[in-house]
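In what follows, a structure is listed as structure tokens, so that the remarks can point back to it.
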Amino acid sequence: MAGYDAEDPFSAPVALREHAVEGVRIGVWERFYSVPVDPGHRAAVRTAAALLRGLGLAVEEFEPRGLERAPNAWAALFSRGPRRRSGN
């Protein structure tokens, strides 16, 4: 992370700078609605949230609205759609 590397296809010619974290808020969502989550994964999320709080960042629990429909949209876009044939 010392700067631009022409040999790295993912490197960008952007100057390094300090990251400002003042005012940054972090939302923690431990599980996808009522879907069971492995206890180890849940513990990892809680540990990460506690570490971020310890660094002085604002960490809050939240649950987004509307994502409960995401699996249906994903299936419609990437599963059912490609199977359709057009005129052949």
Side-chain angles (χ1 to χ4, degrees):
M1 305 301 313
Y4 176 66
D5 180 356
E7 298 295 316
D8 181 355
F10 298 103
S11 184
V14 178
L16 297 176
R17 61 182 171 82
E18 290 291 320
H19 294 283
V21 295
E22 288 183 23
V24 171
R25 294 172 49 212
I26 298 167
V28 176
W29 190 25
E30 289 186 11
R31 57 191 267 169
F32 187 82
Y33 301 102
S34 61
V35 176
V37 176
D38 181 276
H41 294 137
R42 192 172 223 174
V45 169
R46 288 179 178 168
T47 298
L51 289 169
L52 292 167
R53 274 190 200 97
L55 292 172
L57 297 169
V59 179
E60 306 164 0
E61 290 185 25
F62 87 111
E63 184 174 300
R65 292 184 215 119
L67 275 179
E68 66 275 5
R69 295 185 307 270
N72 296 339
W74 184 268
L77 292 171
F78 298 105
S79 296
R80 295 182 200 131
R83 283 191 229 150
R84 293 185 184 147
R85 293 182 171 230
S86 58
N88 289 347

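For Asp8, the side chain to side chain contact (heavy atoms under 4.5 Å, CB included) criterion is met by Asp5, Phe10, Ser11, not counting sequence neighbours. Applying the side chain to side chain contact (heavy atoms under 4.5 Å, CB included) criterion to Phe62, with sequence neighbours excluded, gives Trp29, Pro64.
Under a hydrophobic clustering in which Ile, Leu, Val, Met, Phe, Trp and Tyr are joined whenever their side-chain heavy atoms come within less than 4.5 Å, directly or via other members, Val59 and Leu51 fall into different clusters. Connection of Val24 to Val28 is established within a shared hydrophobic cluster, with ILVMFWY side chains joined at heavy-atom distances below 4.5 Å, either directly or through further cluster members. Leu67 and Val35 fall within a single hydrophobic cluster, where Ile, Leu, Val, Met, Phe, Trp and Tyr are joined by side-chain heavy atoms under 4.5 Å apart, directly or via other members.
Within the structure, the salt bridge (Lys or Arg N to Asp or Glu O under 4.0 Å) test picks out the following pairs touching residues 19-33 (sequence neighbours left out): Arg25-Glu60, Glu30-Arg42, Glu30-Arg46.
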